[in-house]
Amino acid sequence: MAKAGTSASARGRVDTDLWWDPFRLLWQLFTSVRFAFALTGGLALAGLFGTLIPQVPIPMRGNDVAVQAWVEFQQGKFGMFTGAMDRLGLFSVFTSWWFRAAMGVLVVSVTVCTANRLPPTLRNVFRPRERVPENYFERARSRTHAAEPLDADRLARALRRRRYAVRQSGEDGATYLFADRFPWAGLATFVSHLGLILILAGVVVSLLLTSEAQLLIPEGTAKVYGKLDDPNFMLVQVLDTVEGRDPQGNIIDYHTDLAVFRNGQELCRGRSTVNTPLTCEGFRFHQSMFSPNAARLLVKDAATGRTLYDETLVLGDMLPLPNVRVRDAVTGEVLYDDFLPLTDTLEGGQLGVLTLPQRDLTLLAGVKPDDASGKSWTLLVFQIGAAASAGAPVQARIPEGGVVTAGGLEFEFAALGGALATVLTDLPGARSALVQMPRDRAGRPYVLLAGAGDAPVLLTEGHSQLIDGRRYTFEGQRDIAGITVKRDPGSKIIWIAGGLMLLGLLGTFYLPRRRLWVRIRPDGTAFAGIAEPTVDFRREMARIARDTGGSLPPDEGEEED
Amino acid sequence: MEQLSIALYWAALVTTGISALCYIGYAFGVRTAIGRMATNAGNVTMTAAVSQRMSESVAAVGVFAGRLATFLLTVSLAARWSAAGRPPYTNMWEFTVAFAWGISLAYVLFERRYRQRTLGAFVLPVAFGILLVASLFPDRVSPLIPALQNDNVLALHVGAMILSYSAFSVAFGATAMQLLQGAERRFARLPRASTLDQIAYRAVLAGFPLLALGLLLGAYWGNSAWGRYWGWDPKETSALVTWLIFAAYLHVRNLAGWKGKRSAWVVIVGFMAVIFTFYGVNLWISGLHSYAGV
């Protein structure tokens, strides 16, 4: 930031004879303060839109289907305007072409403004005007006058004590002093603008050169970062990942102990917390997520004992898990009261088998969302095969929280929970297997495996089930660490640029820059000068004059109200 | 210590209110009855009231109460820091009390520097309003979530933001007064509009680099905790918008010569952006800073 400039360009005027010269017109435009103000205001407004209007979540970006679904969801909020807002890029303001274009124009504008002001400022700093016209002593905004001729040498010494560089000259019986303090502070504004330009350059470097990947790594396992032919190829192993809680159950700590390997050699080993990522070979390993939602599954050949499959599965999906109660409608005897795992899909709903051994009855039960929002669900119950008991086949639709009687049984859809799940295509003995990890009433996790064998099997922790000559074992629930691996060469530029910008701002605003001209004649001593608008330079001049024996009018040096 | 910090907050709320009232009375020259005489003369009752402008002593009470409030808030925040074992900037109650502390501290410094007591009539009510808002938020100390467990950066980043917003609040007070005063000097007791314009400008000069520092420290912290120095999170975007508004103010004032009403309105818009960043984003918009909510 510099003081008010006087050139036509600095004031944003466009000369009328420049209409034919597009480059000069552009130069005029980019050096116009009004244009910079409008541009800054426009960017501020865009920022406000981006703050007030929901933006497409970062993980969805690049996934057209997910983005479309998200935009459709916004129709509930913005109604008929949703489409137009989407086309205008208002749901992705900061990645829209027009926002990036405006940022680019801002960079050009700041650069051109800085370049435009640099030559006159350099002249002003290194070749200052040491003499001013005589009438300047009568019209300068900051000026004062002592009644007597002050001693030039004494005045020069007083000024030097105040860190002024003083030059003295004489002409026609008058002595002139030119005193300059912190003249180079005039360059501080360029330092701050250079910092701003470098920040934006750092952002561009980050956008172009950042390497980043999000790895979900179950405890005790490793994942690959990069490709085998990539020189940055690394194996990231999670040794331990912890979610710490205080006695009240508040989460107070997340940390992961990591080891990083390349070509079989361990590169680094250390701890990554939320605030202190592990740094290794120029990469940073950030603790970005923690989840207890992984299950270790082991498959062995029953005959030979050979391990066919040993994986810790990340259960990233959530399937509906209804809490169902079935009673005898007459006696009130409870026949079933538990969460019912659903293992099949049918017409947009999830389906499972509900067995009531007391009645020798097997039912199909499932849940279906009532609408696209998925806020309310209905439990459906059908009887398959002939009913062992007398009466009509069971068939019921039960809303969440409701109770319906059918076939002499009372069905209650008590609540809807969720089961963690994933689909496997590489599980031995299954073309496609659905693995769920619900919890029982005691909170213990168990695995429900559908797709291996004819019927779904239930695996409790540490126990095995034999299916078609293979032994399937649920080894237990495991924790997962979300590790963001990142190398961003732009960030170093940002810190240097930010430091420059701050230094520039401090220099511009707080270095007490002064320029003073003094004329000593037999009839008195005149002071005139310029300083930043935040200082009362007239008062300072009066003090200097008094210190060197000058007498001033009584009101001189008093601060205005 | 937690109880002490809460008790001191309530005491500061009362003293800030008293201070604001005294400053308003002083600035606008409210007349007050200082004596009432009544006599019975036969069947006639005579009453005479004598009034005069609120004196310097009322202003002195305002000054004392304002400084006392600053002291009480300082001790309240120190007690909070001690009770929580980390800087007192991690929920809305703490932010809000710290913001009010910053405003009253900035005001005390500006009043000492520029000797314009009437400015308190516009700044202290802002501090009082902010303290009233704090009473709406839960005031209990809560454990620090892992993302905030970086005491040094937390203290510096949030501290810089609070101090910058406080300086902008002083600028807002001076600007509001400037607009009320007008070029025609409507109120003899208030400073000239040009003086208020200068005070607002100097307050912005104090707040602007602090906001830049706060943004940079936030970027540094974000780079450590989230793996990126900028992510267009609503809170950081809103703070950047505030910075841009004040950058525009400094440029149009210094380069295009905007002074008086035109530049004053830019400060008012900037202060609205401060309030939106401080409260609007935290209370109504979810983002990575949402843990700083109620």
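Quick note on labels: first sequence line is chain A, next is B, and so on, each numbered from 1. Any value given below was found using the heavy atoms of this structure, including those in side chains, with hydrogens, waters and symmetry copies removed.
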**Q.** Non-neighbouring partners of A:Leu502 that pass side chain to side chain contact (heavy atoms under 4.5 Å, CB included), sequence neighbours left out
**A.** B:Ala212, B:Leu213, B:Leu216

Q: Give a yes or no on this: more than 12 heavy atoms of other residues, nucleotides or ligands lie within 6.0 Å of atom CZ of A:Arg245.
A: yes

Q. Do you know which two heavy atoms are closest between B:His251 and A:Val33, and how far apart they sit?
A. O-CG1, 4.1 Å

Q | For chain B, the option from A:Ser288, A:Ser206, A:Gly50, A:Ala36 that forms the most heavy-atom pairs under 4.5 Å | A | A:Ser206

Q.
Students often mix this up, so state it plainly: with edges at 30° and 60°, are the rings of A:Phe94 and B:Trp232 parallel, tilted or perpendicular?
A. parallel

**Q.** Side-chain touch B:Arg228/A:Glu212, heavy atoms, less than 4.5 angstrom
**A.** no

Q | Contacts of residues 41-49 of chain A with chain B (heavy atom under 4.5 Å) | A | A:Leu43, A:Ala44, A:Gly47, A:Leu48

Q: Can you see which heavy atom on A:Phe509 is nearest to which on B:Pro209, and at what distance?
A: CD1-CG, 3.7 Å

Q.
Counting only non-hydrogen atoms closer than 4.5 Å, does A:Val203 touch chain B with its backbone (N, CA, C, O), its side chain (CB onward), both, or neither?
A. both

Q.
Only pairs of heavy atoms separated by less than 4.5 Å count here; which of A:Ile494, A:Ile252, A:Ile251, A:Thr484 has the most with chain B?
A. A:Ile252

Q. With a cut-off of 6.0 Å (strictly less than), are more than 12 heavy atoms of other residues, nucleotides or ligands near CZ of B:Arg112?
A. no

Q) Between the side chain of A:Arg284 and the main-chain N/O of B:Asn223, is any donor-acceptor distance below 3.5 Å? A) yes

Q: Evaluate the side-chain proximity of A:Gln55 to B:Thr237: yes if any heavy-atom separation is below 4.5 Å, no if none is.
A: no

Q: Let me know if A:Phe37 has heavy atoms under 4.5 Å from chain B in its side chain, its backbone, both or neither.
A: side chain

Q: Measure A:Ser491 against the heavy atoms of chain B and call it side chain, backbone, both or neither at under 4.5 Å.
A: both

Q: Kindly state each residue pair satisfying side-chain hydrogen bond (donor to acceptor under 3.5 Å, both in side chains) with at least one member in residues 267-279 of chain B, sequence neighbours excluded.
A: B:Thr96-B:Tyr279, B:Ser238-B:Thr277, B:Thr242-B:Thr277

**Q.** Exam field: side chain B:Gln149 to backbone A:Asp253, donor-acceptor pair closer than 3.5 Å
**A.** no

Q. At a heavy-atom separation under 4.5 Å, does B:Ala219 approach chain A through its side chain, its backbone, both, or neither?
A. both

Q: Please state whether the side chain, the backbone, both or neither of B:Trp258 comes within less than 4.5 Å of a heavy atom of chain A.
A: side chain

Q) Under 3.5 Å, side chain of A:His286 to main-chain N/O of B:Ser224, donor-acceptor pair present? A) yes

Q: For atom CH2 of A:Trp98, decide whether the heavy atoms of other residues, nucleotides or ligands shown that lie under 6.0 angstrom number more than 12.
A: yes

**Q.** Segment of A:Asn275 engaging chain B (4.5 angstrom heavy-atom cut-off)
**A.** both

(Q) Once side chain to side chain contact (heavy atoms under 4.5 Å, CB included) is applied, do any residues pair with A:Leu196, and if so which ones, sequence neighbours excluded? (A) A:Val110, A:Met501, B:Trp243

Q | B:Phe276 versus chain A, the contacting section by heavy-atom distance below 4.5 Å | A | side chain

Q | Under 3.5 Å donor-acceptor, B:Tyr220 side chain and A:Trp495 backbone | A | no

Q) Between A:Thr273 and B:Pro146, is any pair of side-chain heavy atoms under 4.5 Å apart? A) no

